[in-house]
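Everything numeric in this text was worked out from a predicted model, so none of it was measured.
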Amino acid sequence: MKDAKADKRREFVKAVYDIVRQIPSGRVLTYGQVATLAGCPHHARQVGFWLSRVPQELHLPCHRVVNSAGRLSPVFPEQRERLLHEGVLFKSNGCVDMNRCQWKL
């Protein structure tokens, strides 16, 4: 049973990393969208957990994942600068303009 659970976790993490790898420059996805695309629609928090532990050598664009309101991660201070550099637009409240920058799949 333990191996099956570990296998499922590995599959989820791999799916999350594969999805994030595909987000185009200048676009964002939400944690919930990534979770849904990975086959686990109720695991948005797990997406955040695993993105905070991405090995640096994978060079994943984790900065392109935001919460459903377009808010940035409070523990990722360079996220805003990276998104601005890619042309992501922000609203006056500091959130990503999801209507204009969300990646439509």
Distance, nearest 0.5 Å, that separates NE2 of His42 from OG1 of Thr36: 8.0 Å
Heavy-atom side-chain contact between Val16 and Gln46 under 4.5 Å: no
Verify same cluster id: Val47, Phe76 (apolar side-chain graph, 4.5 Å): no
Minimum side-chain heavy-atom gap Phe90-Val96 below 4.5 Å: yes
Side-chain heavy atoms of Arg9 within contact of Trp50, under 4.5 Å: yes
Taking every non-hydrogen atom, the tightest pair across Val65 and Gln79: O-NE2, 3.0 Å
Salt bridge (Lys or Arg N to Asp or Glu O under 4.0 Å) contacts in which one or both residues fall within residues 41-69, not counting sequence neighbours: Arg64-Glu86
Path from Leu37 to Leu58 over hydrophobic side-chain contacts below 4.5 Å: yes
Pairwise distance CD1(Ile19) to CG(Leu60) - rounded to 0.5 angstrom: 11.5 Å
Close side-chain approach of Leu72 to Leu83, heavy-atom, < 4.5 Å: yes
Minimum heavy-atom distance between Cys62 and Val54, given as atom pair plus value: SG-CG2, 3.7 Å
Trp103 reachable from Val66 in the ILVMFWY side-chain graph, under 4.5 Å edges: no
Nearest-0.5 Å distance, CE of residue Met98 to OG of residue Ser68: 7.5 Å
Nearest non-hydrogen partners of Ala35 and Ala44, listed with the distance: CB-N, 3.7 Å
Within one Ile-Leu-Val-Met-Phe-Trp-Tyr cluster: Ile23 and Leu105, side-chain cutoff 4.5 Å: yes
Value rounded to 0.5 Å, distance of CD in Glu78 from OG in Ser73: 9.5 Å
Closest approach of Val88 to Leu84 (non-hydrogen atoms, all atoms of both residues): O-CD2, 3.9 Å
Residue list, side-chain contact (heavy atoms from CB on, under 4.5 Å) with Gln33, at least two apart or on another chain: Leu29, Thr30, Gln102
Salt bridge (Lys or Arg N to Asp or Glu O under 4.0 Å): pairs with one or both residues in residues 20-42, sequence neighbours excluded: Asp18-Arg21
